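First up is the structure itself, then whatever we jot down about it.
Residue numbers begin at 1 in each chain, while the letters A, B, ... track the order of the sequences. Quick caveat: nothing in here was measured; it's all calculated off a predicted structure.
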Amino acid sequence: MLQQTTVTAVMPYFERFLAAFPDVTALARAPQDRVMALWAGLGYYARARNLHACAQAVAARGGVFPDTVEGLLELPGIGAYTAAAIAAIAFGRPVVPVDGNVERVTSRLFALTDPLPAARKAIAARAVTLNADAQAKARPSDFAQALFDLGAGICTPRSPACVLCPWREACAGHAQGIAATLPRRAPKPVRPVRHGVHFCLVDEAGGLLLVRRPEKGLLGGMMGLPGPHWRDDPWPEAEALSLAPAAPRLQPHWRMVGQVKHVFTHFTLLVDVYAARIAAFPNSMAAAGCVHYPGDAAVALPSLMDKCVKVARKAGIF
DNA sequence: TATCCGTGGAA
DNA sequence: TTTCCAAGGAT
């Protein structure tokens, strides 16, 4: 959960997740849709699928985790960082997990000026030597977490508190007066704008028509409102409505209720939200792969879809 | 190696 | 308001 996600954002999800799945075998035997529902809103949904697969892999080994970096790397969703973190913190292996904090501390300590992400490998090569000291090697868990805390609390991205830093006198970045500018990053490409359309169809009972998205791609495996693919060009109303969910003898009166703006990592999405009410969903919609949820149920949606539903609700559709 | 993959808080 | 970026991994 903590991969690219702040502790503050993770905390409530972690509590709910552990309450639902107290141990690795409980997670392993849970249905995937339950796992995804508890992850909804946290983002990077491949992590949820990987974690579920990881739990099943561990369960298949008798519920015993590998206790080496090499063994941990075999598990889905566990890369170099997480393998080292578990090895050091859970099993006392003398390795250094290199996360964003450690990357920043290292680039400053050695005044490494080559820009990320190309310099990532070189920075990591220096970082893994930080525990060369015998006392550091003797306490892998404490050393790893001390490094994280140094980065999170003192060697911060902006305005680092060098005056408080225990490594100030050894820091080449500080000596050169460039610590705060490190690590350098390659200029980011401009974020393009893309366009989508989603349909919010509600029945008299307050039911909502949702579809499960494909496993691959954006919001993979999550529930969402139906709609055509997202593309570079806007969707004219006539074209959008020609793609609305339909069934024999069902002609909902669609109304554009608003536009939702959502910023993903690599593009901005503008979604036109159309909404309509019908008496009841025909069986053919369920047969087509659509799902009918009660409106008052705890429907777990990714944030984008949540925004779309809220726009429809604000417009008085339900 | 570069790109894809979410979201929200802080500055 | 915009920008940055957070206990990264898979392809």
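- When rounded to the nearest whole Å, the span between NZ of Lys307(A) and P of dT7(B) equals 8 Å.
- Taking side-chain N and O atoms only, Ser303(A) has no distance below 4.0 Å to OP1 or OP2 of dG6(B).
- Residue Gly151(A) is out of contact with every strand shown, counting any heavy-atom pair closer than 4.0 Å.
- Atom C1' of nucleotide dT3(B) and atom CZ of Phe264(A) are separated by 16 Å, given to the nearest angstrom.
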Protein-to-nucleotide contact annotation, 5' to 3' order, nucleotides 3-11 of chain C [B base; S sugar-phosphate only; - none; under 4.0 Å, heavy atom] = --SBBBSS-

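- Within residues 85-96 of chain A, no residue is approached by DNA chain C to less than 4.0 Å at the level of any non-hydrogen atom.
- Leu218(A) comes within contact range of the sugar-phosphate backbone alone, with a heavy-atom separation under 4.0 Å but no base atom that close.
- Residue Tyr13(A) places no side-chain N or O under 4.0 Å from the OP1 or OP2 atom of dT7(B).
- In this structure, Met305(A) places its CE atom 15 Å from C1' of dT7(B), rounding to the nearest Å.
- The closest side-chain donor-acceptor pair between Gln145(A) and Ser141(A) falls under 3.5 angstrom.
- Side chains of Arg104(A) and Asn101(A): a donor-acceptor N/O pair is present below 3.5 angstrom, by distance only.
- Nucleotides dA7(C) and dC5(B), compared at atom P, are 23 Å apart to the nearest Å.
- Nearest-nucleotide positions on DNA chain B place Pro117(A) closer to the 5' end than the other of Pro117(A) and Ala9(A).
- Looking at residues two or more places apart in sequence or on another chain, you find a ring pair (Phe, Tyr, Trp, His ring centres under 6.0 Å) between His229(A) and Trp235(A).
- Residues passing the ring pair (Phe, Tyr, Trp, His ring centres under 6.0 Å) test with Phe17(A), sequence neighbours excluded: Phe21(A), Trp39(A).
- Computed from coordinates, the Phe267(A) CZ to dG6(B) C1' distance equals 10 Å when rounded to whole Å.
- Using a 4.0 Å heavy-atom distance criterion, Val102(A) is classed as making no nucleic acid contact.
- Remark: Tyr274(A) engages Phe199(A) in a ring pair (Phe, Tyr, Trp, His ring centres under 6.0 Å) (not counting sequence neighbours).
- Contact annotation: His262(A) side-chain N/O to dT7(B) OP1/OP2 distance is under 4.0 Å.
- Counting only Watson-Crick and G-U wobble pairs whose two key distances fall under 3.5 Å, DNA chain B forms stems of three or more stacked pairs at B:2-5 with C:8-11, B:7-11 with C:2-6.
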